[in-house]
Amino acid sequence: MSNQFARQLSLTSFPPNSQNLNSLCSNGELREALVEMAVQGLEMKFEGYYTLLNECVNRRAFREGQRVHAHMTKTCYLPPMHLRTRLIVFYNNCECLNDAQRVLDEMPVRNVVSWTAMISAYSKRGTEPNEFTFATVLTSCNGACAWGFDLGRQIHSLIIKTKFESHIFVGSSLLDMYAKLLGLDEEALELFRLLQREGMTSNYVTYASVLTALSGLAALDLGRQVHNHVLRCELPPYVVLQNSLIDMYSKCGNLTYSRRIFDSMPERTVISWNAMLVGYSKHGMGKEVVKVFKLMKEENKVRPDSVTFLAVLSGCSHGGMEDRGLEYFYEMAEGENGIEPELEHYGCVVDLLGRAGRVEEAFEFIKKMRFEPTAAIWGSLLGACRVHSNVEIGEFVGFRLLQIEPENAGNYVILSNLYASAGRWEDVRNVRELMVEKAVIKEPGRSWIELDQILHTFHASDRSHPRREEVSAKVKELSVKLKEAGYLPDLGCVLYDVDEEQKEKVLLGHSEKMALAFGLIATPEGMPVRVIKNLRICVDCHNFAKLVSKIYGREVSLRDKNRFHHIVGGTCSCGDYW
DNA sequence: TTAGGGTTAG
């Protein structure tokens, strides 16, 4: 059907009525609104599309949003830049980053807002940077060229590590950066002016998004550099930007800086408080969590929300303050704060009880919950069963978990560890066999360490690092020395069914041991070593790191998927429960 | 006339 004919048809049969579409959307009648869109056909305008798409974004209505997008294409409607940006957000919300990227690629003109939407999507997706993250961040560096070159060069060194250099988009962004920027101040200034004329300078939102990406990588030096640039720009104190600085410093392991920013803020939102509380929580500083929460209540300017309570409860749990945490939960449940406890809050309570060794109570608590327990909740209880050797409940919970998420290798390992601790070797073997049968795939472990502004990444049994020989020799040396001091490899941490000698080899190949060994080699004696891991640290590596800190007199700061482990003189801030 | 992007938690 020709467009002209279609236009006539839509005009003759139903008069366009964008008000109708608006009211349908505000009544939440998305289906009817889509019918209205079809009826309006070629008469659809920005306003109608925008209303519809917004509704789809809010509801994460993937199919419906797709139909809106398809309608634009079919009717040859050319969306203006801000509508395309909304499409990017829509696809990102539905976790369709490829579609979002395609929208961005096809935009005739992009500006800082469209780039920022994409940057934040990639950094939200997880801590794993990929070719698109780098390309987007690099382009943003070019946009803010006053700090772009130094930062860009460092990001380049990250890219080399991840072998994305040859990716066409990344490569061209890099070339672009090197071609456009140098140490040539005048040229840089000229470009800066040019980009400003094009509206491509970064603003506080872009900085906030870039900082989020860097906090995921725990790239402290890079983050500090962005902060320095923000300071040089003499921007007014934007709460959002300061919040992301608090978060960046805490995720990079530097809570003192987070607190300094927090204290200097002329105004704080609930997010500022939450970011600070989450920071203390992840660092296992329960007392500070309680102090800051008290301060928040005393100041009485900002009302705690459900995230605040999540941070406080998990802070008490991570900081070993079980009773205090339970008090807060009951305070919450009594409705004093006007916040209804949600599933996640119940999860914290299971954690708190489990940590305190009150496994039966935790089990009863789950049974009485008004929510269907999730894998995370059972998983937390199973962990408690392992630590406190409660085979009876652990067995029940373990089988429950294997039903809910049979693909998760961690569950099989914990269950088999639990059987092993009770000497039930036949059951250990059965669980292992079951695991092999279900073809469980485990996310590969990866650890990294930042030295002189370069990230050194290690994969389990990695052979790719230029100093690999030195590193594996150091790991072996460490294992010999630590054994003299009582280190006993925890063979239960090994997933494969191989002989004991092999198991020990597998353990010594864990990525965090290599990163730690590399840190010992590459930094001066007595310096703290800072390691970041993508998964939760295993029991064996935790023991290993504790002994290293004791024997070598090194402070070890290890950020895993869940929290920080500050290990000093053989003791860890997590109290061996994580 | 404008309309789009952002910060904590999961």
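Residue numbers begin at 1 in each chain, while the letters A, B, ... track the order of the sequences.
Protein atom CG of Leu277(A) is 13 Å distant from nucleotide atom P of dG10(B), rounded to whole Å. The separation between Tyr50(A) atom OH and dT2(B) atom P is 15 Å, rounded to whole Å. Nucleotide dT7(B) holds its P atom 19 Å from the CD atom of Glu267(A), rounded to whole Å. Taking atom CD1 of Ile88(A) as the reference point, atom P of dG4(B) lies 14 Å away to the nearest angstrom. We find that CG of Leu52(A) is positioned 15 Å from C1' of dA3(B), with the value rounded to whole Å. Across the protein-nucleic acid pair, Gln242(A) atom CD and dT7(B) atom P stand 16 Å apart, rounded to whole Å.
Between the side chains of Thr51(A) and Asn54(A), no donor-acceptor pair of N or O atoms lies under 3.5 Å.
Of the candidate nucleotides dA9(B), dT7(B), dG6(B), dA9(B) has the atom nearest to the side chain of Val278(A). The side chain of Glu344(A) sits closest to dG10(B) out of dA3(B), dG10(B), dT7(B).
Within 4.0 Å (heavy atoms only), Val89(A) reaches sugar-phosphate atoms of the nucleic acid but no base atom. Here Met81(A) lies in heavy-atom contact (under 4.0 Å) with a base.
Classified by interplanar angle (parallel below 30°, tilted 30° to 60°, perpendicular above 60°), the ring pair Phe564(A)/His283(A) is parallel. Tyr91(A) and Phe62(A) have perpendicular rings, their planes meeting at more than 60° on a 0 to 90° scale where under 30° would count as parallel.
The side chain of Lys251(A) contributes no N or O atom lying less than 4.0 Å from OP1 or OP2 of dT7(B). Applying the 4.0 Å criterion to OP1 and OP2 of dT7(B), one finds that Tyr238(A) has every side-chain N and O outside that range.
Taking every heavy atom of both residues into account, Arg324(A) and Val290(A) meet most closely at NH1-CG1, 3.0 Å.
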